[in-house]
Amino acid sequence: MQNHDIANLRLAGEGAAKIYLAERQMPVLTNLRATYSKSKFLKGLTIGMCMHITKETAVLCRTLLAAGAKVALCASNPLSTQDDVAAALVKDGIHVYGKKGETIGEYKRHLRAVAMHRPNIILDDGGDLTVEMLQNHKEKLGLVIGGCEETTTGVIRLKAMERDNVLRYPVIAVNDNNTKRLIDNYYGTGQSTIDGILRATNILLAGKSFVVCGYGPCGKGLSLRAKGMGANVIVCEVNPFNALQAHLDGFRVMPIEEAARIGDIFVTVTGNTHVITYEHMLTMKDGAVLANSGHFDVEIDVEALNKKAKARKKVRQHLDEYLLVNGRRVYVCGEGRLVNLAAAEGHPSEVMATSFLGQCFAIEYLVENMGKLPAKVIRLPEEYDLKIARLQLEAFGIKHDKMTEEQEKYVKSWK
Ligand code: ADE
């Protein structure tokens, strides 16, 4: 049995059933698995992963296992692990370290456990495994061919490492694939954030003032979905270009100080810190609901709320009620951690198929170009994006047009 630290191995049967259904919705990955199981291009290599331990990540793990890799996986968030999936993966032969609701101490121990497997390729979701490797395992860095980063937050962090000259191996910003940004950040976050809020609260969205903080791809998708369910969407945004787009998309745009007073539901999707402060909460209506869908739990200042509120009560599985000093109550979903994974199951499998196809192609690219890439944050060439889109269209059974020879000639000619 592999080395592991999970909640309960007896849950493996339930986890395997979930993975089975996910696989049915991720044919692009199961097809790739068939190819990889012949080429075994990862034989002899260890993949260290810090990702949400979900049924979709399980399908990715199985794909890498089929390619001959040894795989060690830890959670990229203390609340996002699906314990049954973790158990099924241990039975599959993966070294899994993660439990839903693990403490910060356990979370850090699990990162270290993955690093101790001496990974050759790092798959990260948020940058924590990269930071662990760079800070605490310098002697193992020579073994690392490269890394892949799944999230906007992680890419921002990695670019800061590159700027500070501490990055020691190439990292592919899988997040920056056009297919990832569109399908995962826009459609995926749009749907799964609403899913998380509804599972946590079971409230009606129609007619509510729904404040979205951050109008990047995630915020755009979320705003559109909330509007589609009848909410009045208000956008708070620091970037003038994004704020202008929000305005032209038909949403009210205003500073958070103003929005705080009129919103019913608040969602942060910025990748930044203290977007909603305790002072903002004091001006909110009684009954306001707060959720975060950004990677880290710092976007809503839950720490200050925990210190300063008069009382805290768990009122549903993923919902805490806080009594403020002014006598009003606010409700926080999933402890301010990413609500789609803390209170729901993250993005649907079809969405993750696209993102994880990007991860697989990034790994192929790292292996093919071993030793030739700079220790920088790199984007995959555009042809990969087109290939991902083509494969996913095929999986959806959708045909589309091709240019005729005449048209190809026409667009290439300046005459
Ligand atoms: N990030 C968002 N949704 C996810 C999922 N279902 N699995 C893994 N990572 C995710």
Side-chain angles (χ1 to χ4, degrees), residues 25 150-153 175-256 258-260 262-272 275-276 288-295 299-300 333-334 338-355 385 388-389 392-393 396 398:
Q25 291 160 1
E150 171 77 8
T151 64
T152 311
T153 299
N175 176 72
D176 294 355
N177 288 348
N178 291 328
T179 41
K180 157 68 165 79
R181 282 206 176 140
L182 177 72
I183 293 162
D184 182 309
N185 299 8
Y186 185 77
Y187 294 108
T189 307
Q191 174 166 321
S192 63
T193 302
I194 301 270
D195 185 14
I197 294 169
L198 294 185
R199 290 199 210 191
T201 62
N202 197 30
I203 51 171
L204 177 70
L205 293 190
K208 297 278 164 52
S209 291
F210 191 102
V211 181
V212 177
C213 300
Y215 205 66
C218 296
K220 288 183 181 119
L222 174 60
S223 301
L224 188 70
R225 294 291 173 253
K227 179 181 167 187
M229 292 187 78
N232 296 305
V233 176
I234 297 170
V235 172
C236 302
E237 170 60 70
V238 291
N239 177 306
F241 183 85
N242 291 348
L244 179 61
Q245 188 178 8
H247 171 66
L248 297 178
D249 283 344
F251 300 122
R252 281 188 290 164
V253 177
M254 61 184 78
I256 181 66
E258 274 176 51
I262 54 180
D264 298 302
I265 301 158
F266 296 83
V267 190
T268 49
V269 257
T270 67
N272 216 320
V275 176
I276 296 184
V289 170
L290 287 86
N292 165 50
S293 209
H295 185 81
E299 303 208 10
I300 301 169
C333 302
L338 21 77
V339 69
N340 57 350
L341 282 140
E345 293 172 65
H347 303 343
S349 306
E350 287 140 299
V351 169
M352 295 315 296
T354 319
S355 313
D385 246 332
I388 294 167
Q392 197 56 282
L393 276 170
F396 288 150
I398 293 167

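Heads up: numbering here begins at 1 and tracks the sequence.
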Nearest-0.5 Å distance that lies between atom CG in D184 and atom SG in C218: 7.5 Å

For N185, what residues pass the side chain to side chain donor-acceptor pair (under 3.5 Å) criterion, not counting sequence neighbours? N175, K180

Does S293 reach the side chain of L222, with side-chain heavy atoms less than 4.5 Å apart? no

Only counting residues at least two apart or in another chain, list the ones meeting side-chain contact (heavy atoms from CB on, under 4.5 Å) with T354. T179, I183, I388, Q392

Euclidean distance, N177 CG relative to D385 CG, rounded to 0.5 Å: 4.5 Å

Residue pair F210 / A231: nearest heavy atoms and the distance that separates them: CB-CB, 3.8 Å

If you look only at pairs with a residue in residues 222-234, which of them pass as a salt bridge (charged side-chain N to carboxylate O under 4.0 Å, His left out), with sequence neighbours excluded? none

Nearest heavy-atom neighbours spanning G271 and T153: CA-OG1, 4.0 Å

Less than 4.5 Å apart, any side-chain heavy atom of I256 and any of V275? no

For P348 versus Q191, what's the shortest heavy-atom pair and its separation? CG-NE2, 3.7 Å

d(H295 NE2, T152 OG1) to nearest 0.5 Å is 10.5 Å

Mind checking what makes side-chain contact (heavy atoms from CB on, under 4.5 Å) contact with L224, not counting sequence neighbours? Y186

Can you give me the closest heavy-atom contact between S223 and V212, atom names plus distance? OG-CG2, 3.6 Å

Could you pull out all donor-acceptor pairs under 3.5 Å where a side-chain atom in residues 240-255 meets a protein atom, sequence neighbours excluded?
| residue | atom | partner | partner atom | Å |
| --- | --- | --- | --- | --- |
| Q245 | OE1 | K220 | NZ | 3.1 |
| D249 | OD2 | Y215 | OH | 2.6 |

Distance (rounded to the nearest 0.5 Å) between N202 CG and I197 CD1: 13.0 Å

Distance in Å, C213 SG paired with I234 CD1, rounded so as to fall on 0.5 Å steps: 10.0 Å

D264: which residues meet the side chain to side chain donor-acceptor pair (under 3.5 Å) condition with it, sequence neighbours left out? K285

Might you point out which heavy atoms bring V211 and C236 nearest each other, and give the distance in Å? CG1-SG, 3.8 Å

Decide yes or no for K208 and V289: does some side-chain heavy atom of the first lie under 4.5 Å from some side-chain heavy atom of the second? no

Residues that E299 engages under side chain to side chain donor-acceptor pair (under 3.5 Å), provided they are two or more places apart: T270

Quick test of your reading: applying salt bridge (charged side-chain N to carboxylate O under 4.0 Å, His left out), list the pairs with at least one residue in residues 339-352, sequence neighbours left out, ordered by first then second residue. K55-E345, R199-E345

Side chain to side chain donor-acceptor pair (under 3.5 Å) with S192: which residues, sequence neighbours excluded? N340, H347

Which value, rounded to the nearest 0.5 Å, describes the distance between L290 atom CG and I276 atom CD1? 5.0 Å

